[in-house]
There are 2 protein chains.
Amino acid sequence: MALKPLGLGLASRRVLSDVVTDDLRDAIISHDLEPGRRIAEDELALQMGVSRGPIREALMRLDREGLVTIERHKGARVASWNDTDIQEIYSMRSALEVLAIEWACKNATTSDLKAMEEILNTYNKLSEKQRTPREVSRLDLEFHTALFAAAHHDRLFKTWEVLRSQIHAFLVYTWSQDGKINKVFLPQWGPDHKVFVEVIRNKQIEKAKETVLGHVERGLARVATHFIEEVKPKKKVAKR
Amino acid sequence: MALKPLGLGLASRRVLSDVVTDDLRDAIISHDLEPGRRIAEDELALQMGVSRGPIREALMRLDREGLVTIERHKGARVASWNDTDIQEIYSMRSALEVLAIEWACKNATTSDLKAMEEILNTYNKLSEKQRTPREVSRLDLEFHTALFAAAHHDRLFKTWEVLRSQIHAFLVYTWSQDGKINKVFLPQWGPDHKVFVEVIRNKQIEKAKETVLGHVERGLARVATHFIEEVKPKKKVAKR
DNA sequence: AAATTGTTGTTTGTAAACAACAATAGACCA
DNA sequence: TGGTCTATTGTTGTTTACAAACAACAATTT
């Protein structure tokens, strides 16, 4: 009998289309593939050394996530963003996060709260130098993902995952271009999120809603100002 | 040059996977395929006379819509519903419709309003006999879809489409089993929706929100009572 | 008798070839 | 010169064939 590969057992459970999806998503979020760029199935298949099947599946998933735009018989492109997109995304986010924190107040377990606090600790331990745009964005979204998880609401969580990818895609970009604005908003990050954990733990639903609304609106204010100035004349995301 | 097919020109632009998706969705919504039923790609491909490719794509789409549940190497099943699902769906619906009517107050055009009134007219013209569960459900969801369209918010609309499929799937069923409850809720349908059009036209945002919240809650009340009694011990929808 | 191992059948995952479609460039004609 | 029609090319949609993973059951061993 042949020896089983040790330690890699878990990795083998991932299927090609998963790998392709994650690699592509990373490439888009990190702007290795710039917005608007054409993605041909053949070309990408050749480049990644797989057939078109997994590529097709990955592209369709990313289309659902809003990171890629597919048009019939015309192919796929990396999605590009304008200020309308920002307005849509943040209005959705407000509505969803209010619902999330409401359900979290009712359903959060102690381990849910612990998970959120763990992320805050990780952030606080970062040195000034370590607070790179990429890292701050990642932790921010990880915290909010933990919040949505605490709501124990499957459909809400899935909807958030789609939105998260889109937010991530331009958040890394805006943070990296911020400069002095960072100095104003960054110090607020820790305290702001700490309040979330408290109101959930005390089940203060109304206060929780207000808190989360304010937080998202400030986030929009930061992103929107910056975004409109820098990336205005991009083409609208087309849908099928 | 060959003659172009008349009237069916639009249909010819549809691609196989679209046809399969729509046919399958209809079959699920109408309960031709009962909840929990196993769907094998091969079997369905044979039955519909197409290859597995379009079938795979259709199943993946319906998985995303929540009408089908896919597990790797185990196959796809028609989704089944329990009262937790109902709670999730209607809480999502409340959040989304409030956002929708808010944006509709700001963005609705006269033709958007006209479209909504058109649906109301169609309903009012129906005779007692014509008010079948299937028809009422269809018109109800069509009206709300028009509302979401009037919001002019692409992401919100796409999210609604997913939710709509799920609502449709059990709405047809509950209406068909209602009996005397119909007599109480049906007469309310017309007036209730007429108010929507008015508040949007007058841009009464706050009143609009209250109206829509009340409407959705009444809908939940009707469905939930009925659903819990009839279909309680179904298995939870599993996600990958 | 219980647990382990091997075998078989079913179902999905992947690859590669073929067909259909859309965009583009060039030929032809007015 | 301008426009339209046609042929070409590149891309996606679909099919077919094969490989790998999984689940269930039977045989075997302890």
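Since we're looking at a predicted model, the values are computed, not measured. Below, read A as the first sequence line, B as the second, and so on, with proteins coming before strands; counting in each chain starts at 1.
- The interatomic distance linking B/R38 (CZ) with D/dA23 (C1') rounds to 11 Å, in whole Å.
- Residue whose closest nucleotide on DNA chain C sits further toward the 5' end, between B/D42 and A/V50: B/D42.
- Residues passing the salt bridge (Lys or Arg N to Asp or Glu O under 4.0 Å) test with A/R56 are A/E41, B/E57, sequence neighbours excluded.
- Here B/R72 pairs with A/D18 in a salt bridge; the nearest charged N to carboxylate O distance falls below 4.0 Å.
- The separation between B/E41 atom CD and D/dT14 atom C1' is 14 Å, rounded to whole Å.
- Contact annotation for B/G75: backbone-only contact, meaning every heavy-atom pair under 4.0 Å involves sugar-phosphate atoms and none involves a base.
- Qualifying side-chain hydrogen bond (donor to acceptor under 3.5 Å, both in side chains) partners for B/S137, counting only residues two or more places apart in sequence or in other chains: none.
- Between the C1' atom of C/dT11 and the CD1 atom of B/I55 lies a distance of 14 Å, rounded to the nearest Å.
- Between B/S51 and the phosphate of D/dT15, there is a side-chain N or O to OP1/OP2 separation shorter than 4.0 Å.
- Rounded to an integer number of Å, the gap from A/I70 CD1 to D/dT11 P is 16 Å.
- The side chain of A/K74 places no N or O atom within less than 4.0 Å of a non-bridging phosphate oxygen (OP1 or OP2) of D/dT12.
- Here D/dT14 presents its P atom at 12 Å from CE of B/M48, a figure rounded to the nearest Å.
- For the pair B/E57 CD and D/dT14 P, the computed distance is 7 Å after rounding to whole Å.
- Salt bridge status for A/K114 with A/E117: absent, with no side-chain N to carboxylate O gap under 4.0 Å.
- Nucleotide C/dA19 holds its P atom 22 Å from the CZ atom of A/R72, rounded to whole Å.
- With hydrogens and angles ignored, a donor-acceptor pair under 3.5 angstrom links the side chain of B/R52 to the base of C/dG13.
- A cation-pi arrangement is present between B/R131 and B/Y123 under the rule of less than 6.0 angstrom and at most 45 degrees off the ring axis.
- In the set D/dT14, C/dT12, C/dA22, D/dT14 carries the atom at the smallest distance from any side-chain atom of B/L16.
- Counting to the nearest Å, the P atom of D/dT12 and the CG atom of B/D18 are 17 Å from each other.
- Listed pair A/R56 / C/dA16 fails the phosphate criterion, with no side-chain N or O lying under 4.0 Å from OP1 or OP2.
- Residue-level contact check: A/I39 touches the backbone only, with heavy atoms under 4.0 Å from sugar-phosphate atoms and none from bases.
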